[in-house]
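Below: one structure, written as structure tokens.
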Amino acid sequence: MTKVARLPGRAEHLWEWQEEAACRALGTDRFFHPAGERGEERAAREQEAKEVCALCPVRTECLSHALRVQEPYGVWGGLTEDERRELGARRKAG
């Protein structure tokens with residue numbers, strides 16, 4: 001018989017919050033920038049994403065996840081990658 005005691009166990013609790021996310025059925029286009037996007041287009045897309053995040057019931061869990069795993073791209077929990085980097089830097093400095 002295989003010994004499974006050393007295995008980490010179930011991990012659904014790490015991602016179950018995603019099932020309640022406001023963005024779940026919206027696709028990724030407004031949350032992740034296409035190559036070369038800049039300026040007003042990028043700002044408008046990010047604002048649209050943030051508007052979805054503002055109404056999301058799991059915004060806190062989403063942002064916590066993004067900060068914990070250092071998500072390098074996209075809008076997560078209402079913050080862009082640049083905003084998350086700034087927040088991380090302030091936390092380290094403080």
Side-chain angles (χ1 to χ4, degrees):
M1 179 172 219
T2 304
K3 294 182 181 182
V4 295
R6 63 181 176 79
L7 297 176
R10 297 172 64 139
E12 293 92 9
H13 65 283
L14 297 175
W15 55 265
E16 282 179 327
W17 59 268
Q18 294 179 10
E19 293 178 5
E20 304 299 321
C23 64
R24 184 159 175 85
L26 298 179
T28 60
D29 290 351
R30 80 183 73 186
F31 299 93
F32 296 90
H33 66 84
E37 180 189 58
R38 296 204 183 336
E40 290 180 21
E41 287 181 10
R42 185 169 185 160
R45 181 194 45 76
E46 289 175 343
Q47 184 57 40
E48 285 182 28
K50 289 178 177 190
E51 289 171 8
V52 172
C53 295
L55 302 174
C56 185
V58 294
R59 179 180 180 183
T60 301
E61 292 90 336
C62 182
L63 180 56
S64 177
H65 161 79
L67 293 171
R68 184 176 61 254
V69 303
Q70 298 179 350
E71 285 288 352
Y73 303 107
V75 174
W76 290 79
L79 297 183
T80 66
E81 55 262 26
D82 292 337
E83 292 166 336
R84 290 192 307 275
R85 274 192 292 278
E86 278 182 35
L87 180 58
R90 284 195 310 264
R91 285 181 172 182
K92 286 180 184 178

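All of these numbers come straight from a predicted model, not from anything done at the bench.
Using a distance-only test at 3.5 Å, with no hydrogens or angles considered, no donor-acceptor pair links the side chain of Arg85 to the main chain of Gln70.
Put simply, Leu87 and Trp76 are part of two different groups of oily side chains (I, L, V, M, F, W, Y) that touch within less than 4.5 Å, one to the next.
Of all heavy-atom pairs between Leu79 and Arg84, the closest is O-NH1, 2.7 Å. In terms of heavy-atom proximity, Lys50 sits nearest to Thr80 at CE-CG2, 3.9 Å.
For Glu37, the side chain to side chain donor-acceptor pair (under 3.5 Å) partners two or more places apart in sequence, or in a different chain, are Arg45. By the salt bridge (Lys or Arg N to Asp or Glu O under 4.0 Å) test, Glu51 pairs with no residue at all, sequence neighbours left out. With sequence neighbours excluded, no residue forms a salt bridge (Lys or Arg N to Asp or Glu O under 4.0 Å) with Glu41.
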Residues 52-69 side chain polar contacts: donor-acceptor under 3.5 Å, at least two apart:
from, atom 1, to, atom 2, distance (Å)
Arg59, NE, Gly77, O, 2.9
His65, NE2, Glu71, OE2, 3.1

Using a 3.5 Å cut-off and no angle test, enumerate the donor-acceptor pairs between side-chain atoms of residues 28-36 and protein atoms at least two apart in sequence or in another chain.
from, atom 1, to, atom 2, distance (Å)
His33, NE2, Arg42, NH2, 3.3

